[in-house]
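Here the structure comes first, spelled out in C-alpha cells, and everything after it is commentary.
Numbers here are sequence positions counted from 1.
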Amino acid sequence: MAAVVLNQLQPTTLKHSKQPQPQPQRLAAVRVNATSGNAQQLIQSGTVRPIPPKDAGTAVDSEGYILLDIRPEWERVKARVSGSRHIPLFVKDPDNSPLGLLKKWVHFGYIGLWTGQNMTMINPEFLTQVETQIPDKDSKILVACGEGLRSMMAVSKLHKSGYANLAWLAGGFKSADDSHFPAVEGPEKLQYATVGGASYYFLQLLILLRAVGKND
C-alpha cells in the first residue's frame with residue numbers, strides 16, 4: 001500500500017523539488033514489508049516450500065515430510081491419504097442462538113445447498129492440537145487442504161508459531177490424483193472430496209456423460 005502512495009505522490013515531487021526520483025529498489029522494499037508474514041510471501045521467498053501433488057508422495061516417503069490434512073471432517077471422510085495426520089483448521093460453527101441459526105440458514109441458501117459446506121469457524125484449538133501431535137517444531141510438515149487456500153492460511157499460522165520446515169501442497173487435493181500417493185482411503189477420489197451438495201450430483205452427471213461419450 002505504501003508503494004502505491006509513493007507512486008501517486010511522485011509527479012508532484014518532481015514539479016516542486018530538485019530531489020532525485022526514489023530508486024525502484026526502495027519501493028520494492030516497502031512493498032515486501034507491507035506483505036511480510038503473508039502466506040503467499042512465505043512461499044515466494046522460499047521460506048515455505050511449494051510441492052506439487054505429483055511430488056507429494058515422494059516428499060512423504062523419501063524426504064520425511066509429515067502430511068498434515070487440515071480439511072474439515074466432512075471432506076476427509078470422503079477421501080484421505082493413508083497415514084496422514086488430520087487437524088482441521090475450520091470446524092462446524094456450534095452457535096445455535098437465533099442469530100446463529102439465521103446466519104446458518106442464509107449460508108445454506110446461498111452456499112451450503114450448492115457446495116454441501118457447513119457454516120464454519122476457525123478451530124480455536126488448531127495450534128494446540130498441532131503442537132500435541134507434532135511437538136518438534138523442526139519437523140518437516142506438508143500442509144494440505146482441498147484447493148490450497150485454507151492450507152496457505154494454516155501455513156501462515158504454523159510459521160508464526162515457530163514451525164521452521166513447512167511445505168504447502170500446491171493446488172490442494174483437488175489438483176491431485178490418487179496415484180500420487182501410495183494409498184488413499186474413502187469412497188471418493190481425492191480430487192472430488194471437496195465437492196458436495198447439489199454440485200456433487202452435477203459432477204456425477206458430468207462424469208457419466210463423459211464416460212458415455214468415450215464409449216460412443
Side-chain angles (χ1 to χ4, degrees), residues 1 31-32 34-57 59-60 65-81 84-93 103-104 106-108 110-130 133-134 140-161 163 165-178 180-181 184 186 188-200 202-203:
M1 232 13 227
R31 215 174 270 121
V32 169
T35 59
S36 61
N38 180 271
Q40 188 174 1
Q41 178 62 28
L42 292 173
I43 293 167
Q44 291 176 345
S45 68
T47 303
V48 172
R49 174 186 171 188
I51 296 180
K54 65 182 180 63
D55 296 331
V60 172
Y65 276 92
I66 298 169
L67 181 58
L68 178 60
D69 185 346
I70 60 96
R71 295 175 299 165
E73 181 61 35
W74 54 88
E75 290 183 28
R76 182 173 168 84
V77 295
K78 295 179 184 177
R80 58 202 171 275
V81 176
S84 60
R85 308 284 182 90
H86 179 234
I87 302 173
L89 179 63
F90 288 92
V91 293
K92 189 182 293 187
D93 189 340
K103 289 191 295 184
K104 289 178 181 179
V106 172
H107 170 84
F108 176 77
Y110 281 93
I111 301 173
L113 178 63
W114 175 251
T115 66
Q117 293 287 347
N118 293 299
M119 185 82 172
T120 60
M121 56 179 279
I122 290 283
N123 178 6
E125 303 296 324
F126 176 72
L127 289 176
T128 301
Q129 291 170 354
V130 174
Q133 288 200 34
I134 313 174
K140 293 181 176 181
I141 305 175
L142 173 55
V143 187
C145 70
E147 298 180 346
L149 298 178
R150 292 167 293 182
S151 52
M152 289 181 71
M153 186 184 301
V155 157
S156 180
K157 287 180 175 291
L158 291 170
H159 179 263
K160 288 178 182 177
S161 73
Y163 284 92
N165 292 304
L166 296 168
W168 169 67
L169 185 67
F173 290 125
K174 187 176 181 180
S175 301
D177 188 273
D178 288 6
H180 293 151
F181 300 93
V184 175
E188 300 288 346
K189 291 183 176 295
L190 275 173
Q191 64 190 118
Y192 301 145
T194 304
V195 182
S199 61
Y200 172 80
F202 183 70
L203 172 65

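In terms of heavy-atom proximity, Pro72 sits nearest to Pro88 at CA-CB, 4.2 Å. In plain terms, the two heavy atoms of Met152 and Ala39 that are nearest each other are O-CB, 3.1 Å. The shortest heavy-atom contact between Val184 and Asp178 is CG2-O, 3.8 Å.
A donor-acceptor contact shorter than 3.5 Å is absent between the side chain of Arg150 and the backbone of Glu147. With hydrogens and angles disregarded, no donor-acceptor distance shorter than 3.5 Å links the side chain of Ser156 to the backbone of Met153. A donor-acceptor contact shorter than 3.5 Å is absent between the side chain of Trp168 and the backbone of Ser151. Of the possible polar contacts, one joining the Arg85 side chain to the Gln133 backbone as a donor-acceptor pair under 3.5 Å is found.
Annotation: the span from Met121 atom CE to Phe90 atom CZ amounts to 10.5 Å, rounded to 0.5 Å. Taking NZ from Lys140 and CG from Asn165, the interatomic distance works out to 7.0 Å, rounded to the nearest 0.5 Å. Distance CD1/Ile43 to CZ/Arg49: 13.0 Å, rounded to 0.5 Å. Rounding to the nearest 0.5 angstrom, the gap separating the CG atom in Asn38 from the NE2 atom in His159 is 12.0 Å. The CG atom of Leu190 sits 12.5 Å away from atom NZ of Lys78, with the distance rounded to the nearest 0.5 Å. With values rounded to the nearest 0.5 angstrom, Leu67 atom CG is found 13.0 Å from Arg80 atom CZ.
Counting heavy atoms from C-beta on, the side chains of Val60 and Phe181 never come closer than 4.5 Å. Side-chain contact between Ile134 and Ile87: absent, with no pair of heavy atoms (C-beta onward) separated by less than 4.5 Å.
Checking Val143, Val155, Leu142 one by one against Leu169, the side chain to side chain contact (heavy atoms under 4.5 Å, CB included) holds for a single residue, Leu142.
Residues satisfying the salt bridge (Lys or Arg N to Asp or Glu O under 4.0 Å) criterion with Asp69, sequence neighbours excluded, are Arg71, Arg76. Contacts of Gln44 classified as side chain to side chain donor-acceptor pair (under 3.5 Å), with partners at least two apart in sequence or in another chain: none.
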Legend entry - CA sep, side-chain torsions, deciding dist, call: Phe126, Ile70, side-chain contact (heavy atoms from CB on, under 4.5 Å): CA-CA 9 Å; Phe126 176 72; Ile70 60 96; 3.8 Å; yes
Inset, instruction - Take Asn123 and Leu89, measure what side-chain contact (heavy atoms from CB on, under 4.5 Å) needs, and give me the verdict at the end. - result: CA-CA 5 Å; Asn123 178 6; Leu89 179 63; 5.8 Å; no
